[in-house]
There are 2 protein chains.
Amino acid sequence: MITIKDIAKKANVSEGTVDRVIHNRGGVSKKTASKIKAILEHHNFSVNPVASALALKNKYLIATLIPEYNDADLFWKSPHLGILKGASDVHNFGVTLHNFTFNQYDTDSYLNSFQALLETKPSAVIMVPNFSKETKQIVGKLEALNIPYLFLNIDIEGFNNKAFVGQDSYMAGYIAGKLMNLSISKPSTFLIIQARYNITKNNAVSNRIKGFNDYFIKNNINSKTQTLKIENLNNSIETKERIKNYLKQHPEIEGLFVPSSRIYIVVDCLNTAYLNKLELIGFDNTPQNIKCLKNDAVSFLISQKPFDQGYEAVRLMTDYLKIKKELSTKKIYLPIDILTKENVDYNERNELVFEKVEK
Amino acid sequence: MITIKDIAKKANVSEGTVDRVIHNRGGVSKKTASKIKAILEHHNFSVNPVASALALKNKYLIATLIPEYNDADLFWKSPHLGILKGASDVHNFGVTLHNFTFNQYDTDSYLNSFQALLETKPSAVIMVPNFSKETKQIVGKLEALNIPYLFLNIDIEGFNNKAFVGQDSYMAGYIAGKLMNLSISKPSTFLIIQARYNITKNNAVSNRIKGFNDYFIKNNINSKTQTLKIENLNNSIETKERIKNYLKQHPEIEGLFVPSSRIYIVVDCLNTAYLNKLELIGFDNTPQNIKCLKNDAVSFLISQKPFDQGYEAVRLMTDYLKIKKELSTKKIYLPIDILTKENVDYNERNELVFEKVEK
DNA sequence: TCTATTTTCGTGTACGCACACACAAATATA
DNA sequence: TATATTTGTGTGTGCGTACACGAAAATAGA
């Protein structure tokens, strides 16, 4: 492996000069610089990241901004753990992570957390662009400061984000349609239960619904879907009533599709008779959802691999910072995992192992 | 972060002495050693892997021994790529990989490759224990030399391997049963096509078959399975005839289960009428199999995540060598991925990305 | 008991490689 | 010639590793 010292010798300059050329730090005459560059290219030189990390000693700070999690909504715990795992992987390479969270239903909290984030003067930002208008403000500041940023989990268009790391929502919904069709095995009627507030938040839910419907259309399957919109999909008596009433009025329904991570709430609203009669398909491997999967209330869950999203985002950003490696694709789509009661325990092994190690 | 220098100062000894204690290199009086140990523990010290790697400069050599691949059997390409990715990840930490391959149908080639491997004096070995008797010989030599080893993909019992990295074959077969049942949606008859030579090779195939059958038994489903054993499952006219004849004689069969990576050969043996009539479920995401999945000949593939197997094995062994981290579990089971034509392209993204980068 | 020799214990430091600052030399400008 | 600017050099730093060597203690020999 060729080192800076070797290059310096070949070019008849000092190591410091080579280093300046490598990092475009200026102070080198054009002639010398181009000579050195030629030698670098000829030998296909790249810095030794280990030595570099040792010398830099925490030069980079990556800030993350993701929704907070709680017992009722554990979804965001996984990306958080993935980020922590990524942080521990890159820590020794001179990259430090600084994590900020916000309330995903509160724009003020989003903006405030961002402000706190900015004050740490990060070298890069990994964020979940939960609100589109406010994201515009935020991104404006980042761009003014020339701070690269990357979108996690939620994909919104029209920004100069270095990348999006997440799932192809449309195809995930499409696969949900396939699984639903497989489970019922004849043309039927399905109900999509949609929480209203999701609409404003991001388009993942609507893309999933579109994919779900398209499966039947594109494969000429004569199944029908209906949609029940619920303002606030929580564990209230009201929610229970609405779902119950709807199903009573529509006995033809044989399957429920919940295009959010809240299917466990729907399960809570149904009695055993309904649970036996209906096929349920939902999203995300939260503990509550996994419980529903294991006791046969839910047939399939589609996982977004949230842990991997966090992990990948950190690795990606680190690579970008350290070797200015531009990303080949803007959309980093993670696998669309099909979870059943049988394979769920083998999934996200990394997450479990990591959580244990951290304790 | 506390450094060796700090520890040395606190203990009133030199850095070198601390280093000797850390690495049990002897030459330190018991009294001093225990004093230093106490301080190390108290501060929860662990060596900085970056500085360590820089200082060690390729101290460790991990040798791998896996089956070779060719156009007809590309399965082993993925673990190979995973190993390469792992190698590039750990390269800067002072670990070098040296890869050996063998013909998976030839014991001599297995033993010869092993001999060549031994001559490189590796610090650790990652191997696919393809033949049980010969593995005993090999392992004997490794243990005599005190070289740690790890089994990849094939799990055989009665050895002191540090770990097994692969899939839970029984559960994978069980899930195949579930998917088959889902696809047919009523009690039916299924044919398991088994290549005879697999039996001697490893028990993964028989575990998959057991899991497949058990799905119907444990769930009280009145489906039946038959088994067709073919000596050498290749693209011959003979194979074609045997399968054709069997199906003609057993028109009740509605699904084929191929518990090996060779389902594409079975597809080759069937005409369109049969392909439309039958549900096919097989294993492994080889290019040929993926093609069959995409053109609807095969309904599901179960992936062993072979790329991840290789990658994980390398990472695991590296951790073991560098920090003598004993593995918490001996069985490292990777996820059981359910692949359909819709999600297959999102799978093994790492593998594709890595292959591109390497080119 | 005293010196000579071996063994035990501990210290000092060069090295791996990249980085960046302080400084010196060379050149250009006033 | 004096001053500013550009260009290039030298070196300490980050942290752990391991070798060479010195000091101290233990043993042997007389």
Side-chain angles (χ1 to χ4, degrees), chain A residues 1-37 39-40 43-60 90-96 123 318 321-324, chain B residues 1-37 39-40 43-60 90-96 123 318 321-324:
Chain A
M1 202 188 221
I2 196 152
T3 70
I4 286 188
K5 203 176 281 177
D6 301 331
I7 303 280
K9 212 172 288 169
K10 281 184 208 292
N12 255 319
V13 295
S14 78
E15 302 170 40
T17 308
V18 176
D19 187 67
R20 294 169 141 215
V21 170
I22 290 171
H23 297 286
N24 292 314
R25 233 172 322 111
V28 182
S29 70
K30 271 190 184 162
K31 209 177 106 198
T32 319
S34 63
K35 186 170 85 181
I36 293 175
K37 270 182 195 158
I39 297 175
L40 287 173
H43 289 86
N44 216 319
F45 175 88
S46 61
V47 297
N48 178 337
V50 172
S52 170
L54 187 61
L56 280 170
K57 188 74 186 143
N58 281 6
K59 176 85 185 288
Y60 298 115
V90 302
H91 175 244
N92 295 113
F93 284 104
V95 178
T96 308
S123 334
T318 299
L321 287 175
K322 293 210 68 114
I323 47 177
K324 282 277 172 283
Chain B
M1 200 188 224
I2 196 153
T3 71
I4 284 188
K5 204 176 281 177
D6 301 328
I7 302 281
K9 213 172 287 167
K10 280 183 208 291
N12 256 317
V13 295
S14 78
E15 302 171 40
T17 307
V18 176
D19 188 65
R20 295 170 142 216
V21 171
I22 290 171
H23 297 286
N24 292 312
R25 231 171 325 110
V28 182
S29 68
K30 271 188 184 164
K31 210 178 105 195
T32 320
S34 63
K35 185 170 85 182
I36 294 175
K37 270 181 194 158
I39 298 176
L40 287 172
H43 290 86
N44 217 317
F45 176 87
S46 61
V47 298
N48 178 336
V50 172
S52 171
L54 185 60
L56 280 172
K57 187 79 186 136
N58 280 6
K59 175 85 184 289
Y60 298 114
V90 301
H91 175 244
N92 295 113
F93 284 107
V95 177
T96 309
S123 335
T318 299
L321 287 175
K322 294 211 69 118
I323 46 176
K324 283 277 172 283

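Side chains are part of it too, since the values below use all heavy atoms of this structure and drop only hydrogens, waters and symmetry mates. Residue numbers start from 1 in every chain, and the chains themselves are labelled A, B, ... in the order their sequence lines are given, proteins ahead of strands.
Closest-nucleotide positions on DNA chain C for K30(B) and A51(B) were compared, and the one nearer the 5' end corresponds to K30(B).
Regarding K5(B), its NZ atom lies at a distance of 14 Å from the P atom of dT17(D), rounded to whole Å. Here the C1' atom of nucleotide dC15(D) and the CG atom of L56(A) are 14 Å apart, to the nearest Å. Look at OH on Y60(A): it is 12 Å from C1' on dA18(C), rounded to the nearest Å. The CG-C1' distance, from N24(A) to dA20(C), rounds to 15 Å in whole Å. For K9(A) and dG8(D), the NZ to C1' distance is 18 Å, given to the nearest whole Å. One atom, CZ of R20(B), and another, C1' of dC21(D), lie 11 Å apart when rounded to the nearest Å. Computed from coordinates, the I22(A) CD1 to dC17(C) C1' distance equals 11 Å when rounded to whole Å. The CG-P distance, from D6(A) to dG16(C), rounds to 11 Å in whole Å.
The CG atom of L40(B) sits 11.5 Å away from the NZ atom of K10(B) when rounded to the nearest 0.5 Å. Remark: K9(B) NZ to I2(B) CD1 distance equals 10.5 Å, nearest 0.5 Å. Separation of atoms CD1 (I7(B)) and NZ (K35(B)) is listed at 12.5 Å; rounding is to 0.5 Å.
Closest to the side chain of F45(B), out of dG16(D), dG8(D), dG16(C), is dG16(D). Considering only side-chain atoms of T17(B), the nucleotide from dG14(D), dT13(C), dT11(C) that sits closest is dT11(C). Taking the side chain of L54(A) as heavy atoms from C-beta on, and the options dT17(D), dG14(D), dC9(C), the nearest nucleotide is dG14(D). The side chain of E15(B) approaches dT13(C) more closely than any other nucleotide in the set dT13(C), dA18(C), dC15(D). Closest to the side chain of S29(B), out of dA18(C), dG16(C), dC9(C), is dC9(C). With distances taken from any side-chain atom of V13(B) to the nucleotides dA18(C), dA18(D), dT11(C), the minimum falls on dT11(C). Here the nucleotide nearest the side chain of A55(B), chosen from dC17(C), dT17(D), dG10(C), is dT17(D). Distances from the side chain of I4(B) to the nucleotides dG16(D), dC9(C), dA18(D) place dG16(D) closest.
The side chain of S14(B) contributes an N or O atom lying less than 4.0 Å from OP1 or OP2 of dT11(C). The side chain of T32(B) contributes an N or O atom lying less than 4.0 Å from OP1 or OP2 of dG10(C). In terms of phosphate contacts, H23(B) brings no side-chain nitrogen or oxygen within less than 4.0 Å of OP1 or OP2 of dA18(D). S52(A) has a side-chain polar atom (N or O) that falls below the 4.0 Å cut-off from OP1 or OP2 of dC19(C).
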* Verdict with reasoning, N48(B) to T3(B), per side-chain contact (heavy atoms from CB on, under 4.5 Å) -> CA-CA 8 Å; N48(B) 178 336; T3(B) 71; over 6 Å; no
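Residue N48(B) is classed as a sugar-phosphate contact, given heavy-atom separations below 4.0 Å to backbone atoms only.
At a threshold of 4.5 Å between non-hydrogen side-chain atoms, the residues Y60(B) and V90(B) do not count as touching.
The heavy-atom pair separating A53(A) from F93(A) by the smallest distance is CB-CA, 3.3 Å.
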